[in-house]
Visitor: 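Got a structure here, written out as structure tokens. Questions coming.
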Amino acid sequence: MLRTVTAPSLSSSSSSSTCLTVSTQNKSYLIPHSLKLSSLLIGNIKKSNSNRTVTCNYNPSRRLALFQLGAVIPQSQFLSGNLAPARSSEVTDQNVLEWVKNDKRRMLHVVYSVGDLDKTIKFYTECLGMKLLRKRDIPEDRYSNAFLGYGPEDTNFTVELTYNYGVDKYDIGDGFGHFGIAVEDVSRTVDLVKAKGGKVTREPVPVKGGSTKIAFVEDPNGYKFELLERGLTPEPLCQVMLRVGDLDRSINFYKKSFGMELLRRRDNPEYKYTVALMGYGPEDKNAVLELTYNYGITEYSKGNGYAQIAIGTDDVYKSAEAVKQCGGKIIREPGPIPVINTKITACLDPDGWKSVFVDNVDFLKELE
């Protein structure tokens, strides 16, 4: 959902004027003269050297793509008008962590880049049983997006794939682990993947101490998927696994600042690793975050393929404050995205994994 694209500055070489006036269909904003505007905001541009006026015809079909703008424009640069963020409520140190426990949150989607969008969509739909929910191409910015999953975006966890023109390979790094998908018959799914020419990296094996099976397959880009044998579930796309350097620290961070529950923790001394499953409800009905600690390893490479998880919230301002209080880093201050006014905030956990909080009401409006 966040993809940084910076267009050339619209300002002239004159230093006498410090601001631009940006006018949309029914609103005007003051913008710092030095600010570079994303081409995503600009339809037909009219520029007057006399009054530094820029007229933008906003294209509503690309509203979601504008999330990227918040990643490159600090809130402090907005001088006045509707671009300045207005806090929805006062946040205090005493109540914000208590508020987190009752916030209405869920994992919305996971974002990552792929080298061949059509080939990836074919693998996900034909081998993994996902549905293509929507797809869009933004040729002027040289990228495309596709959203896939097992149900509507307003109720289900989904994947957002990004294809950047001309980039056919990404470094996944060693910190990202895999995605988890619940299937009714692991062996049958593996056979289907093989029949379609897919790669199986681990054949079906029984779960230790149980009767169900697991297996691992790899998509055309090298992202691994763990197949988990389960009965029918409302959330088949059920896991995102990330490796962390201090499991106790990570559990504490996600419990306090993200409001997640520790669903279970399992130590595997034989293989020298420990896992913790965190989420907003039972793992058989909700997508969860699986944190893995490998004995003695404290740092991992992030690569440039995997991007972030988006999480819904009722208040991005309080969400950002909670992250700060728990040792996380805010990399996009909370507030509305210019023009579309969707409120978001972006942060890094103690290991550097990125998450984006999105206002629940605004997210539903975006889907319209």
Visitor: Got a salt bridge between Asp116 and Lys122, using NZ or NE/NH1/NH2 to carboxylate O under 4.0 Å?
Guide: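 Salt bridge absent between Asp116 and Lys122.
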
Visitor: Between the side chain of Thr345 and the main-chain N/O of Val316, is any donor-acceptor distance below 3.5 Å?
Guide: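 Judged by distance alone, no pair lies under 3.5 Å.
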
Visitor: Asp314 side chain to Asp103 main-chain N or O, any donor-acceptor pair under 3.5 Å?
Guide: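 Absent.
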
Visitor: Do Leu108 and Val356 share a hydrophobic cluster (ILVMFWY, side-chain heavy atoms under 4.5 Å, transitive)?
Guide: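 Yes, it is one cluster - the side chains of Leu108 and Val356 are joined through contacts under 4.5 Å.
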
Visitor: Nearest 0.5 Å, what's the NZ-CD distance between Lys101 and Glu261?
Guide: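 That separation rounds to 12.0 Å.
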
Visitor: Could you pull out the closest heavy-atom pair between Phe363 and His109, with the gap in Å?
Guide: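 For Phe363 and His109, the tightest heavy-atom pair comes out as CE1-CE1, 4.1 Å.
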
Visitor: Check residues 271-282 and write down every donor-acceptor pair under 3.5 Å in which the side-chain atom is one partner and the other belongs to a residue at least two apart or another chain.
Guide:
{"from": "Thr274", "atom 1": "OG1", "to": "Asp267", "atom 2": "OD1", "distance (Å)": "2.5"}
{"from": "Tyr280", "atom 1": "OH", "to": "Phe258", "atom 2": "O", "distance (Å)": "2.7"}

Visitor: List for me each residue that meets ring-ring contact (aromatic ring centres under 6.0 Å, His included) alongside Tyr150, sequence neighbours excluded, and say none if there are none.
Guide: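 If we apply the ring-ring contact (aromatic ring centres under 6.0 Å, His included) test to Tyr150, skipping adjacent residues, there are no hits.
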
Visitor: Taking the side chain as every heavy atom from C-beta outward, state whether Val159 and Met130 have any pair of such atoms under 4.5 Å apart.
Guide: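 Yes, close enough: below the 4.5 Å cut-off.
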
Visitor: Apply the hydrophobic cluster definition, ILVMFWY joined by side-chain contacts under 4.5 Å directly or through others, and give me every member besides Ile297.
Guide: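 Members other than Ile297 - counting any ILVMFWY side chain reachable under 4.5 Å - are Tyr300.
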
Visitor: Quick one: hydrophobic cluster around Tyr170, which other residues, with the 4.5 Å side-chain cut-off, linked directly or via members?
Guide: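 Noted: Tyr170 shares its cluster with Val167.
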
Visitor: Tell me whether Val200 is reachable from Leu192 by hopping between hydrophobic residues (I, L, V, M, F, W, Y) whose side-chain heavy atoms are closer than 4.5 Å.
Guide: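 Cluster IDs for Leu192 and Val200 differ.
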
Visitor: Within this structure, what is the CZ-NE2 distance for the pair Arg243 and His178, rounded to the nearest 0.5 Å?
Guide: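 NE2 of His178 is found 8.5 Å from CZ of Arg243.
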
Visitor: With sequence neighbours excluded, tell me which residues meet salt bridge (Lys or Arg N to Asp or Glu O under 4.0 Å) with Asp118.
Guide: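 Once residues adjacent in sequence are excluded, the partners of Asp118 under the salt bridge (Lys or Arg N to Asp or Glu O under 4.0 Å) criterion are Lys135.
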
Visitor: To the nearest 0.5 Å, how far apart are CD1 in Ile309 and CZ in Phe357?
Guide: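 Interatomic distance, Ile309 CD1 to Phe357 CZ, rounded to 0.5 Å: 10.5 Å.
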
Visitor: Assess whether side-chain hydrogen bond (donor to acceptor under 3.5 Å, both in side chains) is satisfied between Ser355 and Asp349, documenting all intermediate values.
Guide: CA-CA 8 Å; Ser355 296; Asp349 76 357; over 6 Å; no

Visitor: Holding to ring-ring contact (aromatic ring centres under 6.0 Å, His included), I want the full list of residues that pass it with Tyr124, two or more places apart in sequence or in another chain.
Guide: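 Once residues adjacent in sequence are excluded, the partners of Tyr124 under the ring-ring contact (aromatic ring centres under 6.0 Å, His included) criterion are Phe225.
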
Visitor: Given side chains that start at C-beta, do those of Tyr317 and Val96 come closer than 4.5 Å, heavy atoms only?
Guide: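 With C-beta onward as the side chain, the pair stays apart.
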
Visitor: Treating Ile, Leu, Val, Met, Phe, Trp and Tyr as nodes and any side-chain heavy-atom pair under 4.5 angstrom as an edge, say whether Val207 and Leu263 lie in one connected cluster.
Guide: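 Unlinked, Val207 and Leu263 end up in two clusters.
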
Visitor: Go through the structure and list residues passing side-chain hydrogen bond (donor to acceptor under 3.5 Å, both in side chains) with Thr125, not counting sequence neighbours.
Guide: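 With sequence neighbours excluded, Thr125 shows a side-chain hydrogen bond (donor to acceptor under 3.5 Å, both in side chains) to no residue whatsoever.
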
Visitor: Mark yes or no for whether Asn145, through its side chain, and Ile138, through its backbone, hold a donor-acceptor pair below 3.5 Å.
Guide: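 No, Asn145 side chain to Ile138 backbone: no donor-acceptor pair under 3.5 Å.
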
Visitor: Less than 4.5 Å apart, any side-chain heavy atom of Leu242 and any of Phe176?
Guide: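 Sidechains of Phe176 and Leu242: in contact.
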
Visitor: Just how far is it from atom NZ of Lys199 to atom OG1 of Thr201, taken to the nearest 0.5 Å?
Guide: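 Lys199 atom NZ to Thr201 atom OG1 measures 7.5 Å (nearest 0.5 Å).
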
Visitor: What distance separates Asn360 CG from Asp154 CG, expressed to the nearest 0.5 Å?
Guide: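 The CG atom of Asp154 is 11.5 Å from CG of Asn360, to the nearest 0.5 Å.
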
Visitor: Using salt bridge (Lys or Arg N to Asp or Glu O under 4.0 Å) as the criterion, list what pairs up with Lys285, not counting sequence neighbours.
Guide: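 Scan of Lys285 (salt bridge (Lys or Arg N to Asp or Glu O under 4.0 Å), adjacent residues dropped) gives none.
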
Visitor: I need the full list of salt bridge (charged side-chain N to carboxylate O under 4.0 Å, His left out) pairs touching residues 170-196, with sequence neighbours left out, sorted by first then second residue.
Guide: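 Residue pairs passing salt bridge (charged side-chain N to carboxylate O under 4.0 Å, His left out), neighbours aside: Glu126-Lys196, Lys194-Glu203.
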
Visitor: Can you tell me if Lys324 has over 12 outside heavy atoms packed within less than 6.0 Å of its NZ?
Guide: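 Counting neighbours around NZ of Lys324, more than 12 heavy atoms of other residues, nucleotides or ligands fall under 6.0 Å, so yes.
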
Visitor: Scan Asp359, Asp362, Val361 and name whichever one has a side chain to side chain contact (heavy atoms under 4.5 Å, CB included) with Thr342.
Guide: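 Single side chain to side chain contact (heavy atoms under 4.5 Å, CB included) partner of Thr342 among Asp359, Asp362, Val361: Asp362.
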
Visitor: Of all the heavy-atom pairs spanning Arg249 and Pro350, show the shortest one and how long it is.
Guide: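 Of all heavy-atom pairs spanning Arg249 and Pro350, the closest is NE-CB, 3.5 Å.
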
Visitor: Same hydrophobic cluster for Leu262 and Ile311, using side-chain heavy-atom links shorter than 4.5 Å among ILVMFWY?
Guide: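 In one cluster: yes.
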
Visitor: Between Tyr223 and Phe179, how do the two ring planes meet: parallel, tilted or perpendicular, split at 30° and 60°?
Guide: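 Aromatic pair Tyr223/Phe179 classed tilted.
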
Visitor: Once side-chain contact (heavy atoms from CB on, under 4.5 Å) is applied, do any residues pair with Pro204, and if so which ones, sequence neighbours excluded?
Guide: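 Here the qualifying residues are Val186, Ser187, Val190, Lys213, Ala215.
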
Visitor: Passes side-chain contact (heavy atoms from CB on, under 4.5 Å), Asp246 versus Tyr293? Steps please.
Guide: CA-CA 7 Å; Asp246 185 327; Tyr293 168 69; over 6 Å; no

Visitor: Can you name the closest pair of heavy atoms from Leu148 and Thr158 and give their distance?
Guide: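 So the minimum-distance heavy-atom pair works out to O-CB, 3.3 Å.
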
Visitor: With sequence neighbours left out, which residue pairs that include part of residues 230-242 fulfil the salt bridge (charged side-chain N to carboxylate O under 4.0 Å, His left out) condition?
Guide: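 Every salt bridge (charged side-chain N to carboxylate O under 4.0 Å, His left out) pair that includes a residue of residues 230-242, provided the two are not neighbours, is Arg230-Glu283.
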
Visitor: Looking at every heavy atom in both Lys354 and Ala346, which two are closest together, and how far apart are they?
Guide: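 The pair with the smallest heavy-atom distance is CE-CB, 4.3 Å.
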
Visitor: If you define the side chain from C-beta out and look only at heavy atoms, does anything of Ser113 sit under 4.5 Å from Asn304?
Guide: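 Contact flag for Ser113/Asn304 side chains = no.
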
Visitor: Under a 3.5 Å threshold, yes or no: a donor from one side chain and an acceptor from the other, between Asn221 and Thr120?
Guide: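 Yes - a donor-acceptor pair under 3.5 Å links their side chains.
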
Visitor: Where do Cys127 and Val193 come nearest, in terms of heavy atoms and distance?
Guide: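 Of all heavy-atom pairs spanning Cys127 and Val193, the closest is CB-CG2, 4.0 Å.
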
Visitor: Kindly give the cluster partners of Trp99, where membership spreads through any ILVMFWY side chain lying under 4.5 Å from a current member.
Guide: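 So far as hydrophobic clustering goes, Trp99 is joined with Val100.
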
Visitor: Could you tell me which non-hydrogen atom of Cys347 sits nearest to which non-hydrogen atom of Val323, and how far apart they are?
Guide: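 Shortest heavy-atom separation between Cys347 and Val323 comes out as CB-CG1, 3.8 Å.
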
Visitor: Looking at CG of Asp315 and NZ of Lys343, how far apart are the two atoms once the value is rounded to the nearest 0.5 Å?
Guide: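 These two atoms lie 8.5 Å from each other.
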
